[in-house]
Protein chains: 2
Amino acid sequence: MAEIQVPDMVVARLPLYLRALSHMEREGTAVTSSHELATHLGLSPAQIRKDLSYFGRFGKQGTGYDVANLRARLTKILNVDRTWAMALVGAGALGLALVHYGGFQERGFYIACVFDSDPEKIGRDVAGYTVLPSDTIAEEIPHRGISIGVIAVPAEAAQAVALQLVEAGIKAILNYAPISLAVPSGVRVQQIDPVVYLQQMTFYLGSGSASQA
Amino acid sequence: MAEIQVPDMVVARLPLYLRALSHMEREGTAVTSSHELATHLGLSPAQIRKDLSYFGRFGKQGTGYDVANLRARLTKILNVDRTWAMALVGAGALGLALVHYGGFQERGFYIACVFDSDPEKIGRDVAGYTVLPSDTIAEEIPHRGISIGVIAVPAEAAQAVALQLVEAGIKAILNYAPISLAVPSGVRVQQIDPVVYLQQMTFYLGSGSASQA
DNA sequence: TAGATTGTTAATCGATTAACAATC
DNA sequence: TAGATTGTTAATCGATTAACAATC
């Protein structure tokens, strides 16, 4: 079965298309075009058509794309026509914010359980979750159908947690700790470090606009 | 003055180099090599040497790079050899977590003031900040030397907030709302939407490992 | 029909990699 | 010195764009 290899860059854009289409659908837009989508996302129309062509033919010449239909197709392609359970490790300030974040539920993800290694926190109730001890990750995760781990622990602890998650069978990790994780191939990691994004911008901002505190 | 144009992709990697070098420095590593850095970050040694070559010659043949020196150089290049003041808009759960996040201070950023549009929150104390009304953004930001805005409001409100920030002279926006922002050219936006990263991973996870709740 | 927009191919552009002389 | 690693050039690879026939 000669699968067409989809470039990573294309996969990275699909969630943006999905998000834009969901937005349009909520606004009541029934039909859109590669041009409209492109304007909305700051991309080129040709790129959007090319990206979509990896997966099929979803449009109609002269008309464009049916918003609801394309949204449904992308939902399937990204495997978010189902719900994904996630294990959150770290019940600190960030972990708490993640537990309260409504955006997961709306878009196909939910936190199934919360771990922490702090004896002060273990057993405590956090937003309806009983905090489980981190050293039970390997026991708890497998029989709960969890395939995604979210790391919200301090940088020093993150690598060890990542390995525990991998041992528990986790295949995808969303890492909020500001450190590069080493994981076996086959395990996907996505990193969210706000300072990395800020530093990308300050490069371009130059050393002007002084704000010495 | 014929500036050498640095590709965006290169700029995007510089903060990762800086983070890795800071880490090494804390660990007491005095010297490193393009090979070691590459292994650490999952890149190729040639790419790291090429990236650095846009900015100068920082290494020594046969030896590698002095960790402290390269870290200091990258810090300057990224303009984080100073402190950047940020305005946070949105004092909800996410805003609160951002206010408490220690990682900003450590790496050259700090939140200078917090805005919200909810009358319930305006005037209240949030982690030492008195919440200011969003409609005073244009007044408050200019005379505080703030050049970065952080948006942590619901998606519906994000675009309007972005425009307010731009009017106040903000040139860089870190956007946590799950929506693409339209801003004038010259204003940089970086988007952090965890679900976008999760969906990238679920594409590869396939539709296996059922976890229907 | 005339106008619009797709899907796709070929051309362009840019980024990554390989290789190696320079040199510590 | 011998071994190692840089900085840089040229070659390769891949992604984006332009263009257009197909067709709604």
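This structure is a prediction, so every number in the text was calculated from the model and none was measured. Lettering follows sequence order; numbering is per chain, from 1.
Side-chain atoms of B:Glu167 never come within 3.5 Å of backbone atoms of B:Ala138 as a donor-acceptor pair (strictly under, hydrogens ignored). Remark: side-chain polar atoms of A:Asn79 are paired, donor with acceptor, to backbone N or O of B:Thr202 under 3.5 angstrom. Counting only distance, with no hydrogens or angles, the side chain of B:Thr29 and the backbone of B:Glu25 share no donor-acceptor pair below 3.5 Å.
In this structure, B:Leu70 atom CG and D:dT5 atom P are separated by 16 Å, rounded to whole Å. The distance from atom CG of B:Asp66 to atom P of D:dT5 is 15 Å, rounded to the nearest whole Å. Regarding B:Met9, its CE atom lies at a distance of 11 Å from the C1' atom of D:dA15, rounded to whole Å. If you take CG of B:Leu52 and C1' of C:dT16, they are 15 Å apart, rounded to a whole angstrom. Per the geometry, CG belonging to B:Asp8 stands 16 Å off C1' belonging to C:dT16, to the nearest Å. Between the CZ atom of A:Phe55 and the C1' atom of C:dG7 there is a distance of 15 Å, rounded to whole Å. One atom, CZ of B:Arg57, and another, P of D:dG7, lie 7 Å apart when rounded to the nearest Å. Whole-Å rounding puts the A:Ile48 CD1 to C:dT6 P distance at 9 Å.
Where A:Pro7 and B:Gly59 meet DNA chain D, the nucleotide closest to each residue was compared, and B:Gly59 sits on the side nearer the 5' end.
Every stem involving DNA chain C, taken as at least 3 paired positions in a row under the Watson-Crick or G-U wobble test at 3.5 Å, is listed here: C:3-24 with D:3-24.
Qualifying ring pair (Phe, Tyr, Trp, His ring centres under 6.0 Å) partners for A:Tyr197, counting only residues two or more places apart in sequence or in other chains: none. Considering only residues two or more places apart in sequence or on other chains, A:Arg49 meets the salt bridge (Lys or Arg N to Asp or Glu O under 4.0 Å) condition with none of them.
The phosphate of C:dG7 (OP1 or OP2) has a side-chain N or O of A:Tyr65 nearer than 4.0 angstrom.
In terms of heavy atoms, B:Ala85 sits closest to B:Ile146 at O-CG2, 3.5 Å. Residues A:Phe58 and A:Asn69 share a closest heavy-atom pair of O-ND2, 4.2 Å.
The stretch residues 26-39 of chain B touches DNA chain D through B:Ser33, B:Ser34, each having a heavy atom within less than 4.0 Å of the strand.
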List the atom pairs, with distances to 0.1 Å, where a side-chain N or O of residues 183-190 of chain B and a protein N or O form a donor-acceptor pair under 3.5 Å, not counting sequence neighbours.
unit_1: B:Gln190; atom_1: NE2; unit_2: A:Gln200; atom_2: OE1; d: 3.2

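Using a 4.5 Å cut-off on side-chain heavy atoms (C-beta onward), A:Pro15 and B:Phe203 make no contact.
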Summary of protein contacts for nucleotides 17-24 of chain D, nucleotide by nucleotide, where a base hit scores B, a sugar-phosphate-only hit scores S (4.0 Å, heavy atoms): BBB--BBB
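The aromatic rings of B:His40 and B:His23 sit tilted relative to each other, their planes meeting at an angle between 30° and 60°.
At a cut-off of 3.5 Å, with distance as the only test, no side-chain donor of B:Thr136 or B:Glu140 sits close to an acceptor on the other residue.
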